[in-house]
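Worth saying up front: this structure is predicted, and the values here are computed from it rather than measured.
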Protein chains: 2
Amino acid sequence: MSDVTAITASPSAKKASRRSRRAQSERREETSNLILDAAEHLFAHHGRDGVTLRAIAAAAGFDTALVHYYFTDKEGVFRAVWNRRASVLNAIRNATMDSYEAEAGEALTIEGVLDVFLRPIFETMVNLGDGWIDFAAIAGATNASRYGGAQIMDEYFDPIVERFVGLLRRLSPDTPDRELYWYMHLLSGALTQSLAQTGRIDTLSGGLCRSSDLMTILDRMIATFSAGFSAVRSPI
Amino acid sequence: MSDVTAITASPSAKKASRRSRRAQSERREETSNLILDAAEHLFAHHGRDGVTLRAIAAAAGFDTALVHYYFTDKEGVFRAVWNRRASVLNAIRNATMDSYEAEAGEALTIEGVLDVFLRPIFETMVNLGDGWIDFAAIAGATNASRYGGAQIMDEYFDPIVERFVGLLRRLSPDTPDRELYWYMHLLSGALTQSLAQTGRIDTLSGGLCRSSDLMTILDRMIATFSAGFSAVRSPI
DNA sequence: GTCTATAACTGGATAGAC
DNA sequence: GTCTATCCAGTTATAGAC
């Protein structure tokens, strides 16, 4: 198609076309993001199967046909929601991990390792705002679901988890991998329950704790799982 | 209606009617259970909103109309699935808790308290078989969901959780309640992730761990969270 | 790019026969 | 109690106009 343009268009038309194409591409991006914002919000509050394309389109202020135009089908929208956030989050987490590994050398601590693994998640959610909170809820629900949940989590988060387990291994070389993975399993459960922000602990604690209080949860996770690691760690 | 029967029916007809009524009631119970079995299995594998009444009816070998006859609507089926298991499970857990409280006296340990809280769940799932495993998956997904999840969990499990927190309080009287509830929050996350049996840890660990290996998970939960409690506990 | 219109289908629910 | 038949609302998806 670009060949055709090159042949038929005059230089000035070409320039105009290029400018309009840029504007179009920005517009495209904006529309796409509006749809994903709406979808993300709805998925977070009603679950993957509790949301219709109509509802997404209506919430975004467009027609269903447009959603099909951009994302083909509902599965496509769901994947796009994941892609948009996960690519950003993974970049942040990997960068944090890189600098920690570079600086920490052999002086690893369990607190430090948990911190480098967990803090970027919580800080991203809290600092970057609304949409991220919704995404966190989606990730939490996805991780606890049997229907495709594990597959999506694997796809997006396997590498960073492997790096984390690698650090645990360096921290406690005599602990069998199997035990490290069980520890990881428990940690991952506590993490996703926290990200899901279901409000259950709010009721249960009579208001003493709020599941929206993510930075406090981060703090308690590091404290409890640091202490918990002593059950896993090989004797020094 | 029983008045009418009493007036119009002869004694022998009355007796036959009573026998047939018993048979009917058993049949009723059986049909109802077949429907719930099918529903439970489907809910566990596709989620609450991923299942249609048609699919439930078909899997149970009946027509949709019959499902409506027994449970009114889909919500009714879902609630019935919960009721059937939760009533049994709560009875078991409370009984275990009763005898522990009676016997342990003041000699509480964190291992003991975690054991009494967790073991009945895992043993029930493992010993009582198939349907219970499906129910566990449903409970796991429900606990991590924002849409009505917290409410259902509260409704069924609040009392037993309160008893558990009460034991933690006796174990560590100077720890602020707020901290005990945060500990509970993390524990609950690890628990429901385990019950959900998503298979993620299987892939992640390259087969070293299996999420179906519930008794091993129980063991690791007690070990890790016992050690973890030292971060929460008031100094002795 | 975005919308209108519509086709084709799915799912929930009920009336009524047996 | 259980099924047949059917209705109706809601949903996905696409063709085609602008």
Side-chain angles (χ1 to χ4, degrees), chain A residues 1-2 4-5 16-39 41-43 45-81 147-148, chain B residues 1-2 4-5 16-39 41-43 45-81 147-148:
Chain A
M1 198 189 113
S2 65
V4 177
T5 326
S17 144
R18 206 180 290 147
R19 200 171 28 240
S20 95
R21 233 182 260 147
R22 168 125 30 111
Q24 271 178 16
S25 138
E26 276 164 21
R27 184 171 183 66
R28 220 186 133 82
E29 180 84 10
E30 194 189 323
T31 303
S32 162
N33 270 324
L34 284 173
I35 295 172
L36 291 184
D37 289 344
H41 189 70
L42 289 167
F43 282 138
H45 289 274
H46 306 284
R48 185 176 182 161
D49 293 320
V51 175
T52 65
L53 268 186
R54 276 176 135 75
I56 294 172
F62 298 102
D63 187 88
T64 48
L66 200 66
V67 180
H68 281 108
Y69 172 75
Y70 276 98
F71 303 106
T72 311
D73 57 15
K74 203 164 91 176
E75 173 73 10
V77 178
F78 192 74
R79 304 298 297 209
V81 165
Y147 24 106
Chain B
M1 195 192 113
S2 64
V4 176
T5 326
S17 145
R18 206 179 292 149
R19 200 172 27 242
S20 95
R21 233 182 260 148
R22 169 125 29 116
Q24 271 179 13
S25 138
E26 274 165 22
R27 184 173 183 65
R28 219 186 136 81
E29 180 84 9
E30 195 189 324
T31 303
S32 161
N33 270 324
L34 284 173
I35 295 173
L36 291 185
D37 288 345
H41 189 70
L42 288 168
F43 282 138
H45 288 276
H46 306 285
R48 185 177 182 163
D49 293 321
V51 175
T52 65
L53 270 184
R54 283 177 134 81
I56 295 172
F62 298 102
D63 187 87
T64 49
L66 200 66
V67 180
H68 281 109
Y69 172 76
Y70 276 98
F71 303 105
T72 311
D73 56 15
K74 203 164 93 173
E75 173 72 10
V77 178
F78 192 75
R79 303 297 298 209
V81 165
Y147 22 106

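- Residues satisfying the side chain to side chain contact (heavy atoms under 4.5 Å, CB included) criterion with Y147(B), sequence neighbours excluded, are A141(A), S145(B).
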* To do: Walk me through it: do E30(B) and E26(B) pass the test side-chain contact (heavy atoms from CB on, under 4.5 Å)?
  => CA-CA 6 Å; E30(B) 195 189 324; E26(B) 274 165 22; over 6 Å; no
* Would you sort out whether E29(A) and N33(A) count as a side-chain contact (heavy atoms from CB on, under 4.5 Å), showing the intermediate values? => CA-CA 6 Å; E29(A) 180 84 10; N33(A) 270 324; 3.9 Å; yes
* **E75(A) vs R48(A), side-chain contact (heavy atoms from CB on, under 4.5 Å): CA-CA, chis, key distance, verdict** => CA-CA 9 Å; E75(A) 173 73 10; R48(A) 185 176 182 161; 2.5 Å; yes
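- One interatomic measurement links the two molecules: OH of Y69(A) to C1' of dG1(C), which rounds to 6 Å at whole-angstrom precision.
- Scanning for ring pair (Phe, Tyr, Trp, His ring centres under 6.0 Å) contacts around H68(A) gives an empty result, with sequence neighbours left out.
- Scanning residues 25-37 of chain A for heavy-atom distances under 4.0 Å to DNA chain D yields an empty list.
- R79(B) is linked by a salt bridge (charged side-chain N to carboxylate O under 4.0 Å, His left out) to E155(B), counting only residues two or more places apart in sequence or in another chain.
- Within the structure, a side-chain polar atom (N or O) of Y70(A) is placed less than 4.0 Å from OP1 or OP2 of dT2(C).
- Formation of a donor-acceptor pair under 3.5 Å by the D73(B) side chain with backbone atoms of G76(B) is found in this model.
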Contacts under 3.5 angstrom, residues 49-60 of chain A side chains, donor-acceptor by atom type, not counting sequence neighbours:
| from | atom 1 | to | atom 2 | distance (Å) |
| --- | --- | --- | --- | --- |
| T52(A) | OG1 | A55(A) | N | 3.1 |

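- Distance, D49(B) CG to dT10(C) P: 19 Å, rounded to whole Å.
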* To do: Take nucleotides 11-18 of chain C nucleotide by nucleotide from the 5' end and write B, S or -, depending on whether a protein heavy atom sits under 4.0 Å from the base, only from the sugar-phosphate, or from neither.
  => BBBB----
